[in-house]
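For reference, the structure is listed below as structure tokens.
Labels below follow one simple rule: chain letters A, B, ... track the order of the sequence lines, proteins then strands, and each chain is numbered from 1. Keep in mind the model is a prediction, meaning the values are calculated, not measured.
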Protein chains: 4
Amino acid sequence: MADREELLVGDFPFVPKQERAQQKRNALLESGHSLFFSKGYEQTTAKEIAAHAGVATGTFYRYFSDKRQLLMALLEDKLDKLLPPEPTWVSCDPEALLASLLKAHNNRLQEVGLRRVLPELLPKDPELAEVLSAARRKIHGRILSGLKHASDSGLTWKDLDLDTVTWSIMVLAENGPEKGQQSGKQADFLELAKVMCRLVFPPDVLVKLRSKGSGPAE
Amino acid sequence: MADREELLVGDFPFVPKQERAQQKRNALLESGHSLFFSKGYEQTTAKEIAAHAGVATGTFYRYFSDKRQLLMALLEDKLDKLLPPEPTWVSCDPEALLASLLKAHNNRLQEVGLRRVLPELLPKDPELAEVLSAARRKIHGRILSGLKHASDSGLTWKDLDLDTVTWSIMVLAENGPEKGQQSGKQADFLELAKVMCRLVFPPDVLVKLRSKGSGPAE
Amino acid sequence: MADREELLVGDFPFVPKQERAQQKRNALLESGHSLFFSKGYEQTTAKEIAAHAGVATGTFYRYFSDKRQLLMALLEDKLDKLLPPEPTWVSCDPEALLASLLKAHNNRLQEVGLRRVLPELLPKDPELAEVLSAARRKIHGRILSGLKHASDSGLTWKDLDLDTVTWSIMVLAENGPEKGQQSGKQADFLELAKVMCRLVFPPDVLVKLRSKGSGPAE
Amino acid sequence: MADREELLVGDFPFVPKQERAQQKRNALLESGHSLFFSKGYEQTTAKEIAAHAGVATGTFYRYFSDKRQLLMALLEDKLDKLLPPEPTWVSCDPEALLASLLKAHNNRLQEVGLRRVLPELLPKDPELAEVLSAARRKIHGRILSGLKHASDSGLTWKDLDLDTVTWSIMVLAENGPEKGQQSGKQADFLELAKVMCRLVFPPDVLVKLRSKGSGPAE
DNA sequence: GATGAATGAGTGTTCATTCAT
DNA sequence: GATGAATGAACACTCATTCAT
């Protein structure tokens, strides 16, 4: 890859093999990520990933048993970053707060970039599906837990099923505005946040929260 | 293959060629549909579709210029069925009405079964993407128009962006409960309908509508 | 093909089957000819030939065992027309006479149009090659015989091998000017005739022949 | 495959990769050449060429983008060898000289062996046709230029069109005796040379040239 | 460890030929 | 006889994976 320097300088700094290996592995992961993202999974060949990472084809198979495994590694790497923090619903301005959370979450999604490959693979890779499903369950749990806090404080609608609301929020966040090029208008994050808040809080609660001034954040 | 009728009816001399051809074409469409659905588009070969339909490889190419064209034919066939009617929001029980609409829509989606292939192909087939995008725009338009009616009658929230609400309803309907195998809980249609109605009507409006008596909707 | 008329008129004129068959056979031959000519042999499919002749694919195989056989039939049909008459060398103006013969021959070649397919097939079809070789031997024989007449009358060069001269004349005629688009200049038939005559007659013989007056040729 | 050298020389450690690759490329070229020659272009499959060269199908496509490209490479390789030197007409024995040139040219043609494929491909590959046409124009130019020299020295017939003569010589040389298996007799090179010389020089000029003894070559 | 040339099963597609109607 | 739908072997070409160097 870029080992020429060592040869010139001698074996001096002696970068531990493991570290060099890690670099290569990361380069491959990174290349896989960017190629999967831009061309899709099936359309990306192992050779391309290797070339893009500056290593030989065979090297690819030293670090990953196959293309699929690289994807799984990618997922493990990135999936944690995808997990949003448990949202705080009770604040002086839940709408604005939620909007900023949504924006941040969307950026993470964008950066992770797996939206490009997942739909292609989920249906035919049950293991992958399970991994992802677990992640979604985790997210679902966090949101639900946040809602329960608010609900326990009597701040939410009484007639809505919290589970359904949770699920709705998650779906709306996942298919967030950014993806919405397809549908006509680009709803912006604040409007989306308002919609979500409407599902959670009766309007008067929002007014009350706002009037509290500096509501203590969780 | 599909000669069963003759067997039952006896030797009615001539099955018109066109009809036989239609039968074969349909068998291929059907096979394509079910294989695409179960294995995905890329993983399904023309040979397999032909075999599954009980014809030879070459026969496939008599009826369709290639795999993609079969998919497009499938889409044309099914896309109209996918279009939901413009929902009527104003009724004595919008929630129940909406729930039944959602259920019907979901059945259509299920039957059409393209959810399996579309995610795989959309990113790499701009024409297909355009066709679908147009369909979604149409749906979006219908929902929005329905909401406007209700809004003009002063029945809706005043502080929510109709476009965003429309988009939210569409997204929620598309990713409806059935798909929710992935996320833990299966929200049922009525709960989902309630959530949607909350986005549209203030609770007191719903009460008023209900009290109006038995207005028959659609 | 165009049998609908009979059905309307009844069995009245009763075109003998053989004749109708001949018509179809000829239509197929003609279609084969024109398609082979314009697209080459391999590039022409049996289906196309049938369609162009206005009959069904299967009908093709009633009249010809396969594509190759149609070509052979074509050859037999056309090869006789290809045979030039034994040229008369001794005339008052051999050059002009030869030029007109060349022109006529070239027209025949053009019309027959097999130059398009023969090169493609000769190397891989020994039987075809033999048929053609026989034809060429026949032509060679005719030219040689003509030359011998002239030679016996003492009109030709004495130091040239008649066989080689014959062969040269044949080759030049076959690759005649028309084909010469490829090489830069388009030699015209008279110049070519002069060249051929130079191979046969010493210049003074030509002068003598010319002075003989108007001997009618051929 | 072609490692015989190593076996003889011992284990000279590294056969440079490039050299191994060249060997394989050459083996493929050679296989292509011999298969095209014996079976024709269309009848030869890439798989066969690979098998004949002792490599796998995929390897073929490492060295050549497709079958056609291998042919083009073959042509480039061989076309230069095909170009005859500008013939020297003025010598003490033009006939003998020409005969030996013809023989040499014929050997080259034979070795190149493209006569087998060109007729098959020329009509349907305009690029190939252009490449070949250019080569022929070059040859035509060389011959014509040689003839002009002789003509300027007043050694040639005055009544023949030089262009036509040039073209005739070229055609005769191209369809040289060797190809003449098809026509009955095998004219030999000397006789053919005599014929060509007759087209260029009046007999008395030849006598004069011969009597000169050691005529200076060009 | 790293390389990249080699592999060969697998893909979509064509077309000469057959055969039920 | 005539039809044209059906056949299936064959082709050019790709790519995940292996392995000699």
Side-chain angles (χ1 to χ4, degrees), chain A residues 1 3 17-18 20-21 24 42-51 54-68, chain B residues 1 3 11 13-18 20-21 23-25 42-51 53-68, chain C residues 1 3 17-18 20-21 24 42-51 54-68, chain D residues 1 13-18 20-21 24-25 42-51 54-68:
Chain A
M1 203 173 140
D3 301 344
K17 284 174 183 178
Q18 293 229 339
R20 319 253 328 310
K24 266 176 197 179
E42 293 285 4
Q43 271 58 45
T44 302
T45 72
K47 201 175 201 164
E48 284 171 322
I49 298 175
V55 302
T57 320
T59 306
F60 179 98
Y61 288 90
R62 181 162 293 283
Y63 291 99
F64 304 96
S65 65
D66 57 20
K67 213 167 59 159
R68 182 176 171 280
Chain B
M1 202 181 126
D3 301 342
D11 282 62
F14 292 130
V15 177
K17 281 170 187 175
Q18 292 228 343
R20 307 294 267 13
Q23 282 173 11
K24 235 155 224 187
R25 206 189 116 97
E42 293 285 5
Q43 269 57 44
T44 302
T45 73
K47 221 167 198 159
E48 282 171 324
I49 299 176
V55 301
T57 321
T59 305
F60 178 97
Y61 289 93
R62 171 168 295 284
Y63 293 99
F64 303 97
S65 64
D66 57 19
K67 215 169 53 161
R68 184 176 173 279
Chain C
M1 200 176 140
D3 301 344
K17 284 173 183 179
Q18 293 229 340
R20 318 249 335 305
K24 265 174 198 179
E42 292 286 3
Q43 270 57 44
T44 303
T45 73
K47 202 175 202 162
E48 283 172 323
I49 299 175
V55 301
T57 321
T59 306
F60 179 97
Y61 287 90
R62 181 162 295 282
Y63 292 99
F64 304 96
S65 65
D66 58 20
K67 212 167 61 160
R68 183 178 169 277
Chain D
M1 204 175 124
F14 292 130
V15 176
K17 281 171 187 175
Q18 294 229 338
R20 304 296 268 12
K24 236 155 223 188
R25 204 189 118 97
E42 293 285 5
Q43 270 57 43
T44 303
T45 73
K47 217 170 199 157
E48 283 172 324
I49 299 176
V55 301
T57 320
T59 305
F60 178 97
Y61 290 93
R62 171 168 296 284
Y63 293 100
F64 304 96
S65 65
D66 56 19
K67 215 168 56 160
R68 184 175 172 280

Exercise. So, is D:T59 close to the E:dT7 phosphate, meaning a side-chain N or O under 4.0 Å from OP1 or OP2?
Worked result: yes

Problem set entry | Donor-acceptor contact below 3.5 Å, side chain D:K24 vs main chain D:Y63 | no

Seminar exercise, completed: note: D:Q43, atom CD; F:dA12, atom C1'; distance rounded to Å ~ 15 Å

For this session: Would you mind reading off the distance between C:F64 atom CZ and F:dG1 atom P, rounded to a whole angstrom?
Result: 14 Å

Problem set entry | Shortest non-hydrogen contact from D:K67 toward D:T44 | NZ-O, 2.9 Å

Exercise. Nearest heavy-atom pair of B:A50 and B:A56: which atoms, and what distance?
Worked result: CB-O, 3.6 Å

Seminar exercise, completed: Ranking E:dG8, F:dG4, F:dA6 by distance to the side chain of C:A56, first place goes to F:dG4

Exercise. Under the side chain to side chain donor-acceptor pair (under 3.5 Å) criterion, do C:E48 and C:Q43 qualify, and how do the steps go?
Worked result: CA-CA 10 Å; C:E48 283 172 323; C:Q43 270 57 44; over 6 Å; no

Exercise. Do A:F60 and A:I49 have side-chain heavy atoms sitting under 4.5 Å apart?
Worked result: yes

For this session: Round to a whole Å and report the spacing from CD of B:Q23 to C1' of F:dA6.
Result: 15 Å

Exercise. Do any side-chain nitrogens or oxygens of A:K24 fall under 4.0 Å of OP1 or OP2 in E:dA2?
Worked result: yes

For this session: Would you kindly give the CD-to-P distance between B:E48 and E:dT13, to the nearest whole Å?
Result: 14 Å

Exercise. OP1 or OP2 of F:dA5 sitting under 4.0 Å from any side-chain N/O of B:R62?
Worked result: yes

Check: protein-nucleotides 16-20 of chain E nitrogen or oxygen pairs below 3.5 Å:
unit_1: E:dA16; atom_1: OP1; unit_2: C:K67; atom_2: NZ; d: 3.3
unit_1: E:dA16; atom_1: OP2; unit_2: C:A46; atom_2: N; d: 3.0
unit_1: E:dT17; atom_1: OP2; unit_2: C:Y61; atom_2: OH; d: 3.4

For this session: Using Watson-Crick or G-U wobble pairs with both distances under 3.5 Å, give me DNA chain E in dot-bracket, 5' to 3', with [ ] for crossers and | for pairs to another strand.
Result: .||||||||||||||||||||

Exercise. With a 4.0 Å cut-off on heavy atoms, is C:Y63 in touch with a base, just the backbone sugar-phosphate, or nothing at all?
Worked result: sugar-phosphate

